[in-house]
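Just so we're clear, the structure is a prediction, and the values are computed from it rather than from any experiment. When a residue number appears, it is its place in the shown sequence, counting from 1.
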Amino acid sequence: MVLSKTMSVDNDWSELPPELLDTIVNKLIDLRDYLHFRAVCPSWRSSTPATPKNLPCQLPWLMLPKNQSNRRGFFNFVDNKVHFLNLPEASNSRRRCGSSHGWLIIVDESPSIFVINPLTKVTFNLPPVSQFPNVVNFNFYSVGREFTLRSPHGEVYARNLKEMRDSFIRKAVISSSPSRDPNFITMVILNETGELAYCKNGEHSWKFIDDARFYDEDVIYFEGLFYAVHKSGEIAVCDVSGDTPSVSFIETPKQIGGDMQYLVKTNDEFLLVTRFLELDIDAAYHQLDVVYKTVEFCVFRLVLERPRCEWEEINSLGETMLFLGENSSLALLASDFPGCEGNRIYFTDDYCEANYDGVDGNHDLGYYNLADGSIEALSCCPRNSHSVLRWPPPIWFTPNPC
């Protein structure tokens, strides 16, 4: 567009032609810029949809533990600001067990399970905890023994509402944004049995993937398939698109060492991230507690070209940043986000059940620099100070208005 030399500097920006506004808005990549664009004037706002359709994946915020109100804080580590959202759906009687595509997966004591977008408040109900195959009976009036379960070995035992909320599901991921894809699928890892279970949107019960039991370290979704990783590093590839699940395997030499494994998909390869923990003595308030602390990460890339698949250790992530925890494992390029640095692993505490139920923080979170092996805290959560962080530990959340 060529502007006339006689154009007034006081030109009315609200009169820009729609085609130019459309060109500008299609070049925006940051959700905040999009919202600021729509706030300029009524004509700009009316020229763009309230829900952007083409924004790339946003930089995650850290969802902080609940305070006394229904407001939840979301920390942006680039500008060191906390954004507050009113979110009564994430009350203290509920636990979020996953974060995918800008949606939280939440378990209630009631015992409902649902997914919610904190920005739009849109929710989708999932089958309740009582509808898992290993739940024999649920009786709300059997106080303290509301759930009856059967173990893989046939043993029958009882669990109460709080135990099921906090410990039954270890992690949950969804295949896509429910607002964009009404056929989304939810996959969960069960904590006690190592089972994988899934349900399709609209179904009333959960199904086990029998052939993928113990592939319970992490699970991600990529191009129509779920990939679950075993402690040894072997991957189960789960296709649940049909009436019954089918499973194939990517066999690799056994990985030795480490306490936790994460599976991450970058643009061109799969990564296996091994997390190492150590016991530490936490002295505060005139008492000693034994706690776990992250001390190291090792990263491996999956090599498929050789006669046998194997994990090859890498010493640098380059421009890549990894975000690990209860969230769906995520890889982003630092160059896409001003103020960010690559070769870092941002992590949260997703392993320690002792940190549940109101135990005061020293939650294990921060970022690991793969270049020198150093671990740094985030400014909102000093790593060695006794802050007011409470249950549940923070989780990475990717803001997504759709």
- Item | Pairwise side-chain contact, Ile106 with Val115, heavy-atom cut-off 4.5 Å (strictly under) | no
- Item | Gap separating the OH atom of Tyr262 from the CG atom of Leu322, nearest 0.5 angstrom | 11.5 Å
- List the steps and the verdict of side chain to side chain donor-acceptor pair (under 3.5 Å) for Thr294 and Asp364. CA-CA 7 Å; Thr294 297; Asp364 183 21; 2.6 Å; yes
- Query: Any side-chain heavy atom of His101 sitting closer than 4.5 Å to one from Ser328?
  - Reply: no
- Output yes when Glu326 and Arg95 qualify as a salt bridge under the 4.0 Å nitrogen-oxygen rule, no when they do not. yes
- Query: Is the backbone N or O of Ile185 less than 3.5 Å from a side-chain atom of Ser175, with the two atoms forming a donor-acceptor pair by type?
  - Reply: yes
- Query: So does Lys200 have more than 12 non-hydrogen atoms from other groups sitting under 6.0 Å from NZ?
  - Reply: yes
- Item | More than 12 heavy atoms from other groups under 6.0 Å of NZ on Lys121 | yes
- Query: When you measure from the side chain of Asn369 to the backbone N and O of Arg344, does any donor-acceptor pair fall under 3.5 Å?
  - Reply: no
- Hey, what's the ring geometry for Tyr346 with Trp396, parallel, tilted or perpendicular (30° and 60° as the breaks)? perpendicular
- Task: Answer yes or no: does atom CG of Asp243 have more than 12 heavy-atom neighbours from other residues, nucleotides or ligands under 6.0 Å?
- Result: no
- Please step through side chain to side chain donor-acceptor pair (under 3.5 Å) for the pair Thr266 and Asp268, ending with a clear verdict. CA-CA 6 Å; Thr266 66; Asp268 54 1; 3.2 Å; yes
- Message: Any side-chain to backbone donor/acceptor pair from Lys171 onto Gly325? Under 3.5 Å, distance only.
- Response: yes
- Looking only at heavy atoms, which two atoms of Pro401 and Asn117 are closest? And how far apart? C-ND2, 4.2 Å
- Quick one: are Asp350 and Met260 in side-chain contact, heavy atoms under 4.5 Å? yes
- Message: Whether the side chain of Glu109 engages the backbone of Lys162 through a donor-acceptor N/O pair (distance < 3.5 Å, no angle test) should be reported.
- Response: no
- Message: Measuring only between side-chain heavy atoms, which start at C-beta, is Ile174 closer than 4.5 Å to Trp103?
- Response: yes
- Are the side chains of Cys340 and Phe77 in touch, meaning some heavy atoms are under 4.5 Å apart? yes
- Short question: side chain of Arg72, backbone of Ala90 - any donor-acceptor pair under 3.5 Å? yes
- Parallel, tilted or perpendicular: rings of Phe184 and Phe124 (30°, 60°): perpendicular
- Message: Are the side chains of Asn134 and Trp206 in contact, using a 4.5 Å heavy-atom criterion?
- Response: no
- Item | Side-chain donor or acceptor of Asp211 paired with backbone N/O of Val247 under 3.5 Å | no
- Message: Please give me the minimum heavy-atom distance between Ile189 and Glu217, naming the atom from each residue.
- Response: CD1-C, 4.3 Å
- Any chance you could measure Ile395, atom CD1, to Ile105, atom CD1, to the nearest 0.5 Å? 7.5 Å
- Heavy-atom pair of closest approach, residues Phe114 and Glu89: CZ-O, 3.8 Å
- Message: On a heavy-atom basis, which atom in Pro399 and which in Trp61 lie closest, and how many Å separate them?
- Response: CG-CE2, 3.8 Å
- What is the minimum heavy-atom distance between Phe276 and Gly258, and which atoms define it? CE2-N, 3.3 Å
- Nearest-0.5 Å distance that lies between atom CG in Leu161 and atom CG in Asp166: 10.5 Å
- Message: Between Phe226 and Tyr198 (judged by ring centroids, cut-off 6.0 Å), do the two rings come close enough to count as a pair?
- Response: no
- Just say parallel, tilted or perpendicular for the rings of His230 and Tyr215, cut-offs at 30° and 60°. perpendicular
- Item | CG/Asp79: more than 12 non-hydrogen atoms of other groups inside 6.0 Å | yes
- Query: Side chains of Phe168 and Glu163: closer than 4.5 Å at any heavy-atom pair?
  - Reply: no
- Check the surroundings of atom CD in Glu278: do more than 12 heavy atoms from other residues, nucleotides or ligands lie under 6.0 Å from it? no
- Query: Going from CG on Leu304 to CG on Leu302, what distance comes out if it is rounded to the nearest 0.5 angstrom?
  - Reply: 4.5 Å
- Would you call the rings of Phe222 and Phe270 parallel, tilted or perpendicular, where under 30° means parallel and over 60° means perpendicular? perpendicular
- Message: With salt bridge (charged side-chain N to carboxylate O under 4.0 Å, His left out) as the test, pick out the partner of Glu195 among Arg170, Lys207, Arg150, Arg213.
- Response: Arg213
- When rounded to the nearest 0.5 Å, the distance separating SG of Cys298 from CG of Leu370 is 8.0 Å
- Test side chain to side chain donor-acceptor pair (under 3.5 Å) on Tyr157 and Glu192 and set out the steps. CA-CA 12 Å; Tyr157 58 100; Glu192 293 183 346; 3.2 Å; yes
- Between Met321 and Glu341, which heavy-atom pair has the shortest distance, and what is it? CG-O, 3.4 Å
- So do Val299 and Val264 actually touch side chain to side chain, heavy atoms under 4.5 Å? no
- Between Trp311 (side chain) and Gly233 (backbone), is there a donor-acceptor pair under 3.5 Å? yes
- Query: How far apart are the C-alpha atoms of Asp239 and Ser241, what are their side-chain angles, what is the distance that settles it, and do they pass the side chain to side chain donor-acceptor pair (under 3.5 Å) test?
  - Reply: CA-CA 6 Å; Asp239 184 350; Ser241 59; 2.7 Å; yes
